[in-house]
Amino acid sequence: MCHTEPLFAVRDADFYNLRFASTRVMTIPEFEEIVEQNDQTEARREHLERLGELVGNVYPNKFARSSISGSEDTISRLIAFEPVVAAGAKMAAIKASLKEGERPPAEAKDELNERLRSLGTVRIAGRLTTPSRGNFVHLTDGIGKFQIYCDKKGGFGLVRNDGADTLDPENGWTAWKLIDHGDFVGVEGYLFVTNTGEVSLHVEKLQFLAKAMVPMPDKMHGIADPEIRQRQRYADLIASSLQVKSEPPASAGGPDLTTREVFEIRAKVISSLRRCLEDHGYIEVETPMLTPKATGAAAKPFVTHHNALDITLYARIAPELYLKRLVVGGFEKVYELNRNFRNEGISYKHNPEFTMLEFYCAYMDVNGMMDFCEQMMQEAIQKATGALKISYEGNEINFTEFRRSSMKEAVIENYPDRWNFFHSDFAAFLDDPLQANKVNLYTYRVYIKELESGFDPTSLNTAEAKENYERFAETIWESVDELVKIPTQSPGSALAEIFEMVAESVLVQPTFIIDYPKSISPLSKASPQNPQIAERFELFINGMEVANGFSELNDPKEQYDRFVDQMSERERGDEEAMVLDEDYVRALSYGMPPAAGIGIGIDRLVMLLTNKHSIRDVILFPHLRPERKAAEEEPSS
RNA sequence: GGUCCGAUAGCUCAGUCGGUAGAGCAAGUGGCUUUUAACCACUGGGUCGCAGGUUCGAGUCCUGCUCGGAUCACCA
């Protein structure tokens, strides 16, 4: 058989059926290019060959674990199994009564061993956490470690992987020496306790289960390179299960969580939030990820194309408007816990896809929602970490009570004195920071920029100097960074901007910021007391926005007007102004009960609870630039 | 995108003034076998991120690039 064209010369365009794809020919890399070859992998390959001669199939299909612990004996279950714990504790007590270097008395050990042996034959499986050179090694299931003992003198059998599990009584030790750090084995034997008090498994039968072809990470340091930790999360997880935990210095305030522990806490937080919502009668729903309109939040979307329908679709930036359609439809309490996508910057607190919990409750207002949010988060934090006070980057964060403060109060409270020389009537300035008299927000932005680069405001100690400065600010306005010049359309967004400049970063303890300007809250209901204020809050912890909620606007005509305002902002150049969703307006016209809703950023919450500085440390596979070898060229467009 | 920092053995890291490339772990061989980061002896292992430049000579100095981290701006 002869191919006139190379077998693997698939064109990307055909492969993906994308008319705009490049026509670059795909090249298939060699196995050796993907899995680096060196002296270490060569040794492992040789071991694997020799093992193959001893056991037959080196990648057998299964290993049946025993169930002495009541169900399948995973290593974690076995460690926590009561008789194992009791034997360990007994031995520890005996050891404590001994002098340094003294061995425990044989009778006491024998009695414990007899009891352990009476538990019966144990079969466990796992990955070797150390090289097999010694006769004591630990197996890990990714969480816990259990010690096994291979007795060279006494010998042990080798199970051949021939489908019938034939026992080779001779070659246990020979095979043992061919097993490498990181390989998977299954062992059968009985439990005993060592002189040092560790309950271990005495191996009677050894079965080879799978090979690690590449060397394991450093057992003391794990993987230090954050790039490898994130790109090859599997290696990072292995490293954290193999790593020898050393005692942290007392000053460090406890050990760092392993990668595995971080994601276990994440899972606990999520399951606790789900349980709490379900206990309160909420129902989980799934709304579209691919949407014809990117709306429900202010953000730039990812754009894609559906070939069959020949339409543009957007990865959703928020499920909000779909969830409220469901409230219209009669779901009084709904939630969705899933991914949102935003085509914006990547930073320590931003990933292009992030997990958001959104939920809506009919007949509730913003105050009820804050109460419920506080209670639910306290429950989740208590379950995940065992306490309501946590230590984050050196700050103690206390979740026992969440503060509430209006945006304006937060600005006044945190306003640095040295920023304040402009304003004889500061409160009036905050009511309308765009006012033309005295100083406007643009002058103000220049001033803040100046302060950041070391400008001393005390030099402006006379009225004349201030006026000169204001003129100066106007002249240098022309030369400042484009970003500084982004026009602000309303007093409300100006206040929000000042809030972000002066207050956001200092809100370390959990604080609900309330009384948001209506103009920047196009989906919120206005306050009955003040039509300029929305019944909206955001929750800040450690200077990070963690949640955003409000009394939902349910008047279809007003919602339409707010969308129209947003669209005119968009026309003026604000790319993030919200897009009009006609069907949503139609949905509201069927009648939506009064309701409150909230979105909670799960990744950020998990960052706080795991003391991680970067969102990438709490996302299993965060987005990174694709790997590219130096020799590879840019695909032609 | 701006600024600063980093890339050396499979892993974690040293490398002084520009002068033969180092350690621990891991690996190989032999020994030991109730150890706890096991131990003892010996051995192998390097395109110093990539490409240029300066120099008699570059891991080290200079320029550009790639990748990553921190930080600032947009953003949750």
Side-chain angles (χ1 to χ4, degrees), chain A residues 35-44 46-47 103-104 109 129-131 133-138 145 147-154 173 177 180-182 192-198 200 202 212-231 235 239 242-246 297-300 317-318 340-356 449 452-453 481-484 486 500 504 538-540 544-548 574-576 599-605 607 613-616 624-632 634:
Chain A
V35 181
E36 189 191 338
Q37 305 293 299
N38 54 45
D39 63 320
Q40 317 250 333
T41 58
E42 180 59 19
R44 284 165 183 267
E46 276 173 28
H47 291 168
R103 292 201 158 189
K109 239 181 90 177
T129 66
T130 56
R133 185 175 297 192
N135 50 4
F136 277 98
V137 303
H138 286 87
K145 294 178 188 177
Q147 181 164 262
I148 65 170
Y149 173 62
C150 292
D151 185 357
K152 185 183 183 182
K153 277 191 220 146
W173 185 259
K177 300 308 290 175
D180 292 309
H181 183 195
F192 73 108
V193 62
T194 66
N195 285 332
T196 56
E198 182 164 345
S200 308
H202 188 118
M213 293 299 293
V214 293
M216 292 297 108
D218 188 288
K219 65 184 169 192
M220 289 309 293
H221 306 92
I223 297 175
D225 183 349
E227 180 179 0
I228 297 175
R229 288 228 313 264
Q230 290 162 12
R231 279 195 205 283
L242 300 185
Q243 199 161 351
V244 176
K245 280 192 198 168
S246 50
K300 289 176 215 136
I317 56 175
N340 288 350
F341 306 86
R342 298 190 185 175
N343 202 346
E344 288 165 350
I346 292 180
S347 81
Y348 74 96
K349 52 180 174 176
H350 297 94
N351 194 57
E353 53 182 299
F354 62 101
T355 301
M356 178 88 102
K449 281 271 157 189
E452 282 168 0
S453 51
D481 202 312
E482 284 304 311
L483 284 172
V484 181
I486 292 170
E500 281 166 26
E504 198 176 298
E538 287 192 358
L539 173 62
F540 290 88
M544 242 181 350
E545 184 192 335
V546 173
N548 175 15
D574 181 358
E575 276 186 73
E576 286 167 4
I600 299 175
I602 300 299
D603 311 281
R604 290 182 175 183
L605 179 59
M607 282 166 69
H613 175 69
S614 171
I615 197 168
R616 292 187 218 183
L624 302 171
R625 225 177 281 260
E627 277 183 284
R628 184 183 290 279
K629 294 192 187 93
E632 263 181 307
E634 285 288 323

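By convention in this document, chain letters (A, B, ...) are assigned in the order of the sequence lines, proteins followed by strands, and residues within each chain are numbered from 1. Atom set for the values below is all heavy atoms of this structure, side chains included, hydrogens, waters and symmetry mates excluded.
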For [X] and [Y], indicate whether the former's side chain and the latter's backbone hold a donor-acceptor pair under 3.5 Å.
X	Y	result
A:Arg44	A:His181	yes
A:Asp603	A:Thr355	yes
A:Arg604	A:Val546	no
A:Glu42	A:Gln37	no

Which base, if any, makes a Watson-Crick or G-U wobble pair with [N], both distances under 3.5 Å?
N	result
B:U35	none
B:C65	B:G49
B:U16	none
B:A70	B:U3

Side chain of [X] - closest among [options]:
X	options	result
A:Lys219	B:U34, B:A27, B:A37	B:A37
A:Asp39	B:G45, B:U35, B:G69	B:G45
A:Met220	B:A37, B:A76, B:G68	B:A37
A:Thr194	B:C74, B:G10, B:U35	B:U35
A:Ala224	B:G69, B:A26, B:C13	B:C13
A:His613	B:G68, B:A76, B:A70	B:A70

Using a 4.0 Å heavy-atom cut-off, does [X] contact any base of the nucleic acid, only the sugar-phosphate backbone, or nothing at all?
X	value
A:Ala43	sugar-phosphate
A:Ala298	sugar-phosphate
A:Arg604	base
A:Gln230	sugar-phosphate
A:Arg229	nothing
A:Asn351	base
A:Gly599	nothing
A:Gln40	base
A:Glu538	nothing

Quiz item: Which residue lies toward the 5' end of RNA chain B, A:Lys109 or A:Asp180, if each is placed at its nearest nucleotide?
Solution: A:Asp180
Quiz prompt | 5' precedence on RNA chain B between A:Gly222 and A:Ser200 (nearest-nucleotide basis) | solution = A:Gly222
Rounded to whole Å, please give me the gap between [atom1] in [X] and [atom2] in [N].
X	N	atom1	atom2	answer
A:Asp218	B:G10	CG	P	14 Å
A:His138	B:A38	NE2	P	9 Å
A:Phe136	B:A37	CZ	C1'	16 Å
A:Phe192	B:U34	CZ	P	10 Å
A:Lys152	B:C39	NZ	P	18 Å
A:Ile223	B:G10	CD1	P	15 Å
A:Asp225	B:G69	CG	P	9 Å
A:Tyr348	B:A76	OH	P	14 Å

Quiz item: Taking it one step at a time, do A:Phe136 and A:Thr194 satisfy side-chain contact (heavy atoms from CB on, under 4.5 Å)?
Solution: CA-CA 10 Å; A:Phe136 277 98; A:Thr194 66; 3.8 Å; yes
Answer whether the closest heavy-atom distance between the side chains of [X] and [Y] falls below 4.5 Å.
X	Y	result
A:Thr130	A:His138	no
A:Lys219	A:Thr129	no
A:Ile317	A:Asn340	no

Rounding to the closest angstrom, what is the interatomic distance between [N] and [M] at atom [atom1]?
N	M	atom1	value
B:G59	B:G18	P	13 Å
B:U66	B:G22	C1'	28 Å
B:G24	B:A51	P	31 Å
B:G19	B:A58	C1'	10 Å
B:C50	B:C67	P	15 Å

Any side-chain N or O of [X] below 4.0 angstrom from OP1/OP2 of [N]?
X	N	result
A:Arg231	B:G68	yes
A:Arg616	B:G69	yes
A:His47	B:G28	yes

Quiz item: Does a distance-only test, which skips hydrogens and angles, find a donor-acceptor pair under 3.5 Å between the side chain of A:Glu198 and the base of B:U35?
Solution: no
Quiz item: Hey, does the side-chain of A:Asn38 have a donor or acceptor N/O within less than 3.5 Å of a partner on the base of B:G10?
Solution: no
